[in-house]
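Report on the structure given below.
Values below: all heavy atoms of this structure, side chains included; hydrogens, waters and symmetry mates excluded. Chain identifiers are assigned alphabetically (A, B, ...) following the order of the sequence lines, protein sequences preceding nucleic acid strands; residue numbering begins at 1 within each chain.
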Amino acid sequence: MQPYEMTIHQAAKSLKAREISARELAQSVITRIERVDESIGAYLTVDPEYTLKLAETADEKIGKGEGTPLTGIPLSIKDLISTEGLKTTCASRILEAYVPIYDACVIEKLKQEGAVIAGKVNMDEFAMGSSTENSAFKVTRNPWDLTCIPGGSSGGSAASVAADMCLGSLGSDTGGSIRQPASHCGVVGLKPTYGRVSRYGLVAFASSLDQIGPLTKTVSDAALLMNGISGFDLRDSTASKKERPDFTSFLSKGLGDMTIGIPKEYLETEGIDPDVRAAVMNAISVMKGLGATITDVSLPHSRYAVAAYYVIAPSEASSNLARYDGVKYGFRNDTPASLIDMYRETRSKGFGPEVQRRIIIGTYALSAGYYDAYYGKASKVRTLIMDDFERSFRSCDVILSPVSPIPAFPIGEKIDDPLTMYLLDIFTLSANLAGIPGISVPCGFSRKGLPIGLQLMSRHFEEGKLLKAAYSFEQETDFHLKKPHLPGDES
Amino acid sequence: MKITANEIAHVATLARLDMDGTVIAKFQHQVGQILDYVKTLDELDTEGVSLTSHATSSTNAFREDRVIPSPGMEQTLLNAPLKEDGYFIVPKVVG
């Protein structure tokens with residue numbers, strides 16, 4: 001096995017036993033990126049000097065016996081998480097040359113553990129999209145089929161994990177942006193409870209929905225990364241003061257004490273691909289075999305989630321993105337005649353079409369005379385969606401559903417039809433609106449060989465139940481062991 | 001409901017975006033479709049339902065009023081597109 005192929009768990013063991021150094025591991029990942037990323041396009045910024053320096057720090061830590069399970073582990077970071085001295089572009093022209101002067105809270109935490117940053121990865125511009133096609137800089141391809149999208153918005157994160165160009169990744173999830181690309185690329189993706197992980201240094205898209213989380217090769221690795229990034233932070237006023245559990249303590253197989261709810265509305269949704277349906281039905285019987293009690297639950301308002309989300313998220317985005325004015329940082333258009341012209345020209349040239357579209361929707365929804373009809377109405381429906389979950393979790397521990405109604409689709413197929421693309425987010429948006437955690441775990445392949453993910457959701461701060469259910473499922477199945485074959489691979 | 005080209009242009013002005021006729025026409029179609037879809041929310045009776053702007057039960061987060069180090073001028077200006085003598089430079093604002 002090549003070092004870059006290892007899971008975090010395996011690498012931590014090897015590093016601790018001094019079978020490999022952090023530097024060797026980092027070099028192995030750097031070489032892997034050089035060899036295969038030309039065909040995938042996951043990375044926006046790689047800086048081997050920066051990476052190897054972090055690896056050397058990790059080796060010193062290990063040498064002093066101060067290593068933790070994340071020390072020396074090369075991770076890719078979605079390019080909207082601030083990294084001091086390393087470009088953070090949000091895959092947008094407007095931040096093309098932006099170099100943060102501080103680290104995000106999660107990066108500080110990872111560095112304290114001695115984790116190694118392998119580079120910054122591609123995404124939909126400002127995390128707005130479900131295919132990574134909205135990046136201003138490059139196309140990212142699905143490692144399982146290079147003609148298909150990797151999902152989004154954390155498409156670079158998912159592709160880099162699936163193609164072994166890092167051992168794990170940090171992404172962000174505002175409406176499914178961790179879970180959906182994880183599903184499309186056959187890796188594990190966890191969106192934590194809102195407030196579990198500090199958003200300090202995460203470039204804001206929709207502040208009441210955004211959450212940072214891990215994308216990994218296995219469920220155990222997601223637990224290890226969660227241990228590294230969770231916890232209270234004074235600089236994020238929405239960060240929870242709840243004590244962080246040891247997330248690895250939930251990793252035991254067997255679901256005898258667990259009730260899993262199946263939302264009937266989800267499986268009745270029109271347009272679910274038969275392969276996705278079959279994989280999810282199979283997952284339900286695997287869960288049953290593991291001892292879980294299966295029960296029906298109802299989320300009657302879930303069919304309104306897309307409509308509510310596409311008012312709330314663009315409204316928050318239009319407000320958050322007002323800061324990009326060409327004054328303090330980022331791109332500025334050259335020779336504006338007046339201040340207002342400078343704002344307008346800078347923003348029109350700096351933002352891509354999807355970002356502008358969402359700014360228009362959000363500004364419209366918040367503008368005088370329309371606020372109650374749009375933002376007000378959507379925020380009330382948000383309450384109804386939360387109530388649905390509250391009611392359902394009285395009769396189950398975990399809710400099971402598909403992540404996406406279809407497997408990854410061909411690049412370019414839906415880019416001119418925003419509404420169709422938005423409708424594909426139907427199963428993931430509700431968790432963000434309700435602030436609850438959700439995980440995607442590989443549960444099968446389509447007839448064309450594309451990965452399919454299973455979504456599990458639980459109450460606020462019950463990531464432990466998700467990890468336990470996902471871990472049990474993963475141990476019982478072998479979907480996570482299959483690897484894509486890439487151009488550049490020897491055999 | 002139909003959104004007009006003038007409304008798109010007006011909202012673009014509010015959002016400080018510059019748009020030509022082609023983009024306005026495209027957005028009129030796409031945004032119109034999305035807003036039509038959003039109108040399905042009107043099927044729901046939300047009379048008396050409270051509004052959720054945040055999915056957690058947390059209220060105001062207070063912290064100690066304590067001075068902590070902040071980035072210096074040089075750091076703060078590091079990413080400025082135009083700067084001079086410790087200032088951000090912008091086009092002339094008042095006559």
Side-chain angles (χ1 to χ4, degrees), chain A residues 97-99 101-102 194-195 208 234 237-238 240 301 304 306-308 310-311 318 322 325-332 336-345 347-348 351 356-357 359-361 363-364 367 374 376-384 386 418-419 422 432-436 460, chain B residues 1 3 7-8 10-20 23-24 26-27 30-31 33-44 46-58 60-64 68 71-72 74-83 88-93:
Chain A
Y98 174 66
V99 180
I101 59 167
Y102 63 96
Y194 185 81
S208 83
L234 266 178
S237 61
T238 60
S240 166
H301 297 98
Y304 298 100
V306 176
Y310 279 97
V311 173
S318 73
D325 57 5
V327 176
K328 296 184 294 300
Y329 46 78
F331 165 79
R332 176 194 291 195
S338 71
L339 189 65
I340 299 287
D341 284 346
M342 184 193 83
Y343 294 153
R344 293 184 59 156
E345 289 168 22
R347 290 164 62 80
S348 304
F351 292 136
Q356 294 199 33
R357 195 152 42 233
I359 290 175
I360 292 291
I361 297 168
T363 307
Y364 181 79
S367 62
Y374 288 98
K377 183 78 183 181
S379 301
K380 286 179 172 183
V381 175
R382 185 175 185 181
T383 307
L384 297 175
M386 289 177 77
L419 182 58
Y422 295 174
N432 300 78
L433 291 169
I436 60 173
H460 293 107
Chain B
M1 62 163 281
I3 186 161
E7 280 177 302
I8 295 279
H10 172 66
V11 174
T13 305
L14 293 176
R16 300 285 184 255
L17 290 168
D18 210 11
M19 274 179 204
D20 63 24
V23 178
I24 289 176
K26 193 171 175 185
F27 274 23
Q30 291 173 334
V31 172
Q33 252 188 350
I34 293 160
L35 292 176
D36 271 346
Y37 181 74
V38 163
K39 277 290 156 199
T40 57
L41 294 178
D42 289 345
E43 294 166 16
L44 288 170
T46 50
E47 190 66 39
V49 175
S50 61
L51 197 138
T52 297
S53 57
H54 242 266
T56 51
S57 49
S58 66
N60 278 345
F62 293 106
R63 59 178 162 79
E64 207 186 325
I68 51 167
E74 205 178 301
Q75 285 272 293
T76 306
L77 287 165
L78 207 63
N79 280 287
L82 259 185
K83 58 192 162 184
F88 296 104
I89 303 294
V90 294
K92 197 168 175 180
V93 179

Nearest 0.5 Å, please: how far is [atom2] in [Y] from [atom1] in [X]?
| X | Y | atom1 | atom2 | answer |
| --- | --- | --- | --- | --- |
| B/K83 | A/K328 | NZ | NZ | 14.5 Å |
| A/R382 | B/T52 | CZ | OG1 | 6.5 Å |
| B/I34 | A/I360 | CD1 | CD1 | 11.5 Å |
| A/S367 | B/H10 | OG | NE2 | 6.5 Å |
| B/F27 | A/I361 | CZ | CD1 | 8.5 Å |
| B/Y37 | A/Y422 | OH | OH | 12.5 Å |

Closest contact, heavy atoms only, B/L17 versus A/F351: CD2-CD1, 4.2 Å
For A/G326 against B/P81, the heavy-atom pair lying closest together: O-CG, 3.3 Å
Flag the one option from A/M386, A/M342, A/H460, A/Q356 with the top tally of heavy-atom pairs under 4.5 Å to chain B. A/Q356
Among A/V381, A/L433, A/D341, who wins on heavy-atom pairs under 4.5 Å with chain B? A/V381
For A/A97, is it the side chain, the backbone, both or neither that has a heavy atom under 4.5 Å from a heavy atom of chain B?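 Contact with chain B is through the backbone of A/A97 alone.
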Quick one: ring pair (Phe, Tyr, Trp, His ring centres under 6.0 Å) partners of A/Y343, sequence neighbours excluded? none
Run the numbers on A/Y364 and B/L14 for side chain to side chain contact (heavy atoms under 4.5 Å, CB included), then give the verdict. CA-CA 9 Å; A/Y364 181 79; B/L14 293 176; over 6 Å; no
Donor-acceptor check, side chain of B/N79 to backbone of A/V99, threshold 3.5 angstrom: yes or no?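 Looks like yes, one N/O pair under 3.5 Å.
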Sub-3.5 Å donor-acceptor pair from the side chain of A/R344 to the main-chain atoms of B/A12, do we have one?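 No, A/R344 side chain to B/A12 backbone: no donor-acceptor pair under 3.5 Å.
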Do you see a donor-acceptor pair shorter than 3.5 Å between the side chains of A/K377 and B/T46?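 Present: a donor and an acceptor within the cut-off.
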Does a donor on one side chain and an acceptor on the other come within less than 3.5 Å for B/E43 and A/Y304?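 Yes, side-chain donor-acceptor contact under 3.5 Å.
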Partner residues of B/R16 under the side chain to side chain donor-acceptor pair (under 3.5 Å) criterion, sequence neighbours left out: none
Within the structure provided, determine whether B/K39 and A/Y374 are in side-chain contact (heavy-atom separation under 4.5 Å). yes
